[in-house]
Amino acid sequence: MEQLANSVAGGLGNASGLLVTYPLTVIKTRLQSQRKKEGKSVEKVLSQPEDGSIVEYSGPMDALKKILAFEGVSGLYKGVLLKVAETYMWNSTFYFFFSSLKTFADAFPTSDAAKIVHGMVSGMCTQLVLFPLVVINTRMVNKRKAARAWENGLKSSALPAWVHDYRDVVLDIHKNSSFWQGISAGLMLTINPGIVTMLRARFTTIARAGTGFGKTRAVQDFWIGFLSKCIASTITYPLVVCRSQIVTELKRKGKNKPNIIRTLLAPALGVLKVLRTMKKVVECSGFSALYAGVLPHLSQAALKEAVANSIRRQLVLLFLIILKIEHTPEHDSES
């Protein structure tokens, strides 16, 4: 039951964090994906919009103002329901594994390495279980771009068009690719929740000692989450940049169908690829390129983790009371 309490609380906490920070995600995505039209000023594009053109943004505040002006508040939350469901699913699964593996981590209560491994293994288990959904949804997004051309032909079908879409995508992946293709990049980034786990445990211990009550307050949980994620993401951000480069390179090389053995060994075999990619980025664009776009990433990730950590930990305590599970100081650790 404790695993269930942590799973539900983890999902709800991170879903709440997403709702708070989602406008930042929208603004960051718009800035990254905007297409600038050659030979036209921003003012001309805005005052004389053409079919198919998009508004150009000069920065985050400019994007915020123009999204509100052209689309209203709802523009800052486009696609939020799907992301909330996805966030809940991923984080509830993560904290289920995290809580289930806590017994093994508690065998080394003072070991920072054990806490890092605890977070990493929980993240890896989550990736292995849920990554096929990422592959399917990514294919679905690409398929939707061409869906209208044949969707009318399915009007007489008893099933909605999206059911046919999912069926075709699943069959295509099974035949020509792999449900775990590209997972190595995600598995390498599980070092981030590993570091977050270790830092959260350290900061929580310090905060508990300072309160004198044996537990932390919500505001302390907020800053514990914020600082932990901020430090961890600063350390691992070059891996995010390298992952983008590696994924782009894999797309250029075309499809292959890796077996499960190669998939499981991919993180270890990919270390050299990451180092080579990192070296190439530095040689071509300088060391600063490894941290390109880090500030928007940090602000969004750290704030989300801060809100999620404060809400999650309060929900865990509430669920433990409801389920009549005895509260111990261990429940106030990095659970």
Under the side chain to side chain contact (heavy atoms under 4.5 Å, CB included) criterion, do W90 and L130 qualify, and how do the steps go?
CA-CA 7 Å; W90 274 88; L130 296 181; 3.8 Å; yes
Does the pair N192 and K229 meet the rule for a side chain to side chain donor-acceptor pair (under 3.5 Å), with working shown?
CA-CA 8 Å; N192 186 284; K229 189 67 174 182; 2.8 Å; yes
Show your working on side chain to side chain contact (heavy atoms under 4.5 Å, CB included) between T216 and F203 and close with a plain yes or no.
CA-CA 10 Å; T216 54; F203 291 148; over 6 Å; no
Side chain to side chain contact (heavy atoms under 4.5 Å, CB included) evaluation trace for V307 with T21
CA-CA 9 Å; V307 174; T21 61; 5.7 Å; no
Quick one, R208 with T204, criterion side chain to side chain contact (heavy atoms under 4.5 Å, CB included). Give me CA distance, side-chain angles, the key distance, then yes/no.
CA-CA 6 Å; R208 282 213 313 259; T204 300; 3.8 Å; yes
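Of all heavy-atom pairs between S122 and H118, the closest is OG-O, 2.8 Å. In terms of heavy-atom proximity, A9 sits nearest to V316 at CB-CG2, 3.5 Å.
Taking the charged nitrogens against the carboxylate oxygens, R312 and D221 have no contact shorter than 4.0 Å, which rules out a salt bridge. One finds a salt bridge joining D62 and K66 here, because a Lys/Arg side-chain nitrogen approaches an Asp/Glu carboxylate oxygen to under 4.0 Å.
Atom-to-atom distance recorded for F94:CZ and C125:SG is 10.0 Å, nearest 0.5 angstrom. For the atom pair CG of D112 and CD1 of I195, the computed distance is 11.0 Å after rounding to the nearest 0.5 Å.
Between Y237 and H297, the two ring planes are tilted [angle within 30° to 60°]. The aromatic rings of F226 and W223 sit perpendicular to each other, their planes meeting at more than 60°, with 30° as the lower class boundary.
In terms of modelled atom types and a separation under 3.5 Å, the side chain of N309 and the main chain of E305 share no donor-acceptor contact.
Counting non-hydrogen atoms of other residues, nucleotides and ligands closer than 6.0 Å to CZ of F96 gives a total of 12 or fewer.
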